[in-house]
Amino acid sequence: MQKLTRRQVLKVAGGTALTLAAGGTAGRLLGWAVAQEPSRPLLPGPTRRAVIVGGGIGGAMCARTLRKIAPDVEVVLVEQNPTYVSGPSHVDYVVGLEDAKKVTVGYEGLAREGVKVIRAAATGVRPAERRVVTAQGFVEYNVLLLATGLVPATHEIRQLLENHRMAPHAWTWAGTVELRRAVEAFRGGTFVITVPPPPYKCPPGPYEVACLVDEFWKKKGVRAEVVVLDANDRPQPPLLADLWRRVLADRGIVYKPSFKVVELDPGTRTLISDRGERQRFDLASVIPPQRAPLFIEEAGLGAPFVPVDPATFRSRAHEAVYAVGDVAAVPYTKSAFTAFLQGRNAAYSLARALGREPGEPDPVFNQCWPFVSSTEALLVEVAWTKDGRPIPERNRTGGPSRDHVRARKTWEYGLLRAAYG
Amino acid sequence: MRRLVPVFLVGVLQGMLVLQLSSSRLPRGLAGPAGELSLTGDAILTRSVRAGERVVLAVRTTGLVDVTVYESTGDAAEVQLFREGGTPRTAKQFHSVQEVSYPLASLSGTEFLIRVQHRQPGTTSVFYRPGTQDEAMGRLRRGENLERNSGVVEAQDGLYTMPLYQLVPGTVVHLEVEAGTGTVALLKVREFLDVKQGRASLGSRCSPARCVGTGSGRERLELYVSDYDDLYLVAQGPVRFRYRVVATPEVLNYISSCT
């Protein structure tokens with residue numbers, strides 16, 4: 001039997017979903033499905049419209065900034081979820097350090113400020129027609145911002161898709177909730193967390209989870225061996241590598257670099273590396289490699305990410321298309337903070353493309369306070385010039401400190417307020 | 001007096017090289033011209049790299065060597081393991097090579113250990129080409145390509161495998177057969193595992209765009225890497241081939257420092 005590729009599988013699934021949603025009458029009458037693109041416009045034709053696909057921190061910040069600096073621009077946000085749960089808080093939530101309500105926001109604030117929010121999943125982009133396609137219909141744009149984030153490529157680890165409940169991870173909200181339940185129910189043994197090859201969202205995240213669950217179980221008296229299997233040859237980001245090694249060693253957490261997990265054997269509860277090494281587990285958290293949504297590649301906007309000018313975020317392939325955050329091919333760290341600032345800066349570019357002169361935003365930089373325990377966090381700061389060149393003299397790191405935890409929380413709540421109102 | 005100055009400088013240079021060799025295990029090398037070390041036996045060399053430096057290690061032999069590059073993390077047990085012939089998990093290994101070139105680079109300053117082991121006797125030269133990460137980035141920004149690592153491999157009968165390092169989107173892998181009747185392929189992880197674990201033959205995974213040698217009908221290829229997927233060199237010998245991993249300016253979209 002011929003093997004189906006990932007693309008073929010997704011096309012069939014996507015086509016089926018489109019058909020079911022759009023529902024060709026003839027197809028329904030005949031009892032078979034015909035994949036067809038919705039022909040219904042969701043909004044009247046645009047005059048000065050910016051469409052933003054993805055309501056994460058980058059997309060939301062872009063929408064809000066654009067409303068402020070160019071009030072006459074029609075801003076449309078296409079987002080499939082009713083709420084957004086702050087990405088950085090996924091790791092704290094795993095051990096109950098954070099209340100989900102405090103870090104969950106809706107889109108009402110943006111709507112109040114004049115952003116038109118369309119709750120729909122984008123399934124395609126047609127750059128030639130300046131059109132975003134959703135299951136419900138299409139939206140036309142004058143300029144488009146892609147802020148979709150990355151999706152876990154679970155299928156790239158053999159047998160993970162079929163056994164994902166055995167190895168939940170905090171890189172989606174559903175996975176975060178599942179991992180928390182598993183961590184709370186854990187009665188001892190070996191816990192293994194894996195780190196994928198770059199790029200992945202929130203580079204320090206896996207080590208934070210390892211430290212936090214280790215502390216959580218120690219406090220509960222659960223005897224657990226915590227193991228980190230890292231596809232990289234050092235902890236991430238590289239600036240924090242030495243600090244992470246020290247922190248993990250101090251806590252007795254086993255760190256295995258250059259261990260790229262390629263298979264999960266559910267029968268023996270074992271993870272297998274590309275070198276054939278095996279690691280047994282009682283509970284695992286396997287973070288899969290991460291990719292841009294397939295429709296971006298299919299739109300000819302770039303694969304695996306959207307190549308953009310790091311100063312303006314404009315696509316190198318289509319002048320009316322822009323991209324920020326995880327989905328963009330930019331030299332900036334894939335973190336919530338850079339996505340937020342990229343969203344802000346992209347708003348200036350969109351406004352300029354629509355004939356406004358909004359001035360110049362500051363360049364992107366990154367600050368991050370990764371948890372090493374419930375009371376202490378590290379610090380890392382990185383800065384870039386306007387055109388994306390790193391400024392090494394502005395690199396800064398800091399060891400475990402209570403101040404960093406306070407700074408992190410203040411920063412995160414502030415970020416949500418700034419992006420969502 | 002003026003004539004003595006160059007003699008003095010050469011003496012200082014040779015003294016430094018001898019000092020470098022003195023930290024080697026089984027040091028049976030001589031300092032050649034222009035800072036080149038000449039080895040006839042196995043050796044472990046050390047090289048300190050300052051923050052921001054990018055020193056390119058170049059090894060060339062008339063025989064056949066295995067080169068292992070290990071970046072010290074300050075873990076004494078790992079260093080000891082390396083010195084005793086073991087291979088820490090993070091070490092980069094280049095088996096059965098006649099030439100290899102690999103950058104030693106660090107963001108914060110560190111020490112690299114390089115082990116050279118002879119599979120076939122010969123004279124082996126080791127050379128360090130100085131440079132910085134900023135210079136490398138500057139070349140890319142000027143629109144130039146930049147070789148990141150390369151080698152000439154001689155694969156004997158049987159299956160030869162080696163991961164390719166430093167692949168990011170915008171990289172071009174050059175592969176060329178120099179001699180022999182074997183086949184060389186660039187495989188992604190699934191294909192690599194299928195072949196390595198005997199579930200598939202190399203020939204069955206040998207697509208035209210990623211394969212050179214007898215099994216493919218072509219002698220050289222250039223593969224543009226557009227994603228982050230790992231690639232493995234997999235050869236069915238006997239075959240001698242050259243590979244080069246070359247960054248194009250496109251990688252500037254994906255990296256913030258060049259190693």
Side-chain angles (χ1 to χ4, degrees), chain A residues 153 156-158 196-200 229-235 237-239 241-242 245-246 249 255-260 262-263 272-277 289-292 297 302-310 316 328-333 366 382 384 387-392 395 397, chain B residues 51-52 69-75 77-78 87-93 105-110 132-134 137-138 140-141 161 163 165-170 187-194 196-197 199 224-232 249-259:
Chain A
E156 289 191 13
I157 294 177
R158 211 186 284 265
Y200 64 93
L229 303 181
D230 198 334
N232 306 286
D233 65 0
R234 70 199 66 203
L239 273 177
D242 289 342
R245 281 194 202 98
R246 227 174 297 150
Y255 178 67
K256 294 187 181 177
S258 302
F259 194 117
K260 182 181 176 178
V262 293
E263 185 172 350
I272 304 166
S273 81
D274 58 344
R275 299 179 187 179
E277 300 153 301
Q290 291 158 33
R291 304 277 181 261
E297 179 184 343
F305 305 109
V306 185
V308 296
D309 176 340
R316 296 188 192 278
V330 283
Y332 311 121
T333 311
N366 190 35
V382 188
W384 295 268
D387 57 354
R389 296 182 191 206
I391 310 172
N395 290 350
T397 58
Chain B
V69 179
Y70 167 64
E71 181 182 347
S72 171
T73 58
D75 183 331
E78 276 199 349
T87 304
R89 307 191 54 81
T90 54
K92 309 287 186 285
Q93 295 180 282
S106 175
L107 287 172
S108 54
T110 190
T132 67
Q133 293 171 44
D134 277 351
M137 292 291 274
L140 293 168
R141 288 201 182 94
T161 65
Y165 302 110
Q166 302 185 297
L167 298 179
V168 290
L187 301 186
K188 293 203 173 193
V189 64
R190 284 279 175 89
E191 305 160 326
F192 161 70
L193 290 173
D194 286 346
K196 189 180 167 193
Q197 293 167 3
R199 288 193 291 266
Y224 180 81
V225 176
S226 61
D227 54 33
Y228 278 93
D229 289 351
D230 289 336
L231 286 174
Y232 298 80
E250 179 69 16
V251 306
L252 289 171
N253 289 325
Y254 301 91
I255 60 173
S256 56
S257 65
C258 190
T259 58

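Every chain is numbered from 1 and lettered A, B, ... according to where its sequence line falls, protein lines coming before strand lines.
For B:S226, the parts lying under 4.5 angstrom from a heavy atom of chain A are both the backbone and the side chain. For A:D274, the parts lying near chain B are the backbone and the side chain together; criterion is any non-hydrogen pair under 4.5 Å. Heavy atoms closer than 4.5 Å to chain B are found in both the backbone and the side chain of A:P257. Interface residue A:I157: only backbone heavy atoms are found under 4.5 Å from chain B. Residue A:V308 touches chain B through its backbone alone, counting heavy-atom pairs closer than 4.5 Å. Contact of B:Q197 with chain A is not made at all, since no heavy-atom distance falls under 4.5 Å.
Contact count against chain A (heavy-atom pairs under 4.5 Å) is highest for B:R89 among B:E71, B:K92, B:R89. Note: A:P199 leads A:A328, A:G302, A:P199, A:P310 in heavy-atom pairs under 4.5 Å with chain B. No other option in A:P307, A:S258, A:P392, A:A249 has as many heavy-atom pairs under 4.5 Å with chain B as A:S258. Taking chain A as the reference chain and counting heavy-atom pairs below 4.5 Å, the highest number among B:V251, B:D229, B:T161 is found for B:D229.
The nearest pair of heavy atoms linking A:P331 to A:G388 is CG-O, 3.4 Å.
Ionic pairing of A:E277 and A:K256 is not present here: no N-O contact between side-chain nitrogen and carboxylate oxygen is shorter than 4.0 angstrom. Salt-bridge annotation for B:R141 and A:D387: absent, with no side-chain N of the basic residue lying under 4.0 Å from a carboxylate O of the acidic one. Electrostatic pairing of B:D194 and A:R158 counts as a salt bridge here, judged by a charged N lying under 4.0 Å from a carboxylate O.
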Verdict with reasoning, A:E297 to A:R291, per side chain to side chain contact (heavy atoms under 4.5 Å, CB included)
CA-CA 10 Å; A:E297 179 184 343; A:R291 304 277 181 261; over 6 Å; no
Checking side chain to side chain contact (heavy atoms under 4.5 Å, CB included) for the pair B:D230/B:F192: CA distance, chi angles, key distance, verdict?
CA-CA 10 Å; B:D230 289 336; B:F192 161 70; over 6 Å; no
Would you check, one step at a time, whether the test side chain to side chain donor-acceptor pair (under 3.5 Å) holds for A:N366 with A:Y332?
CA-CA 8 Å; A:N366 190 35; A:Y332 311 121; over 6 Å; no
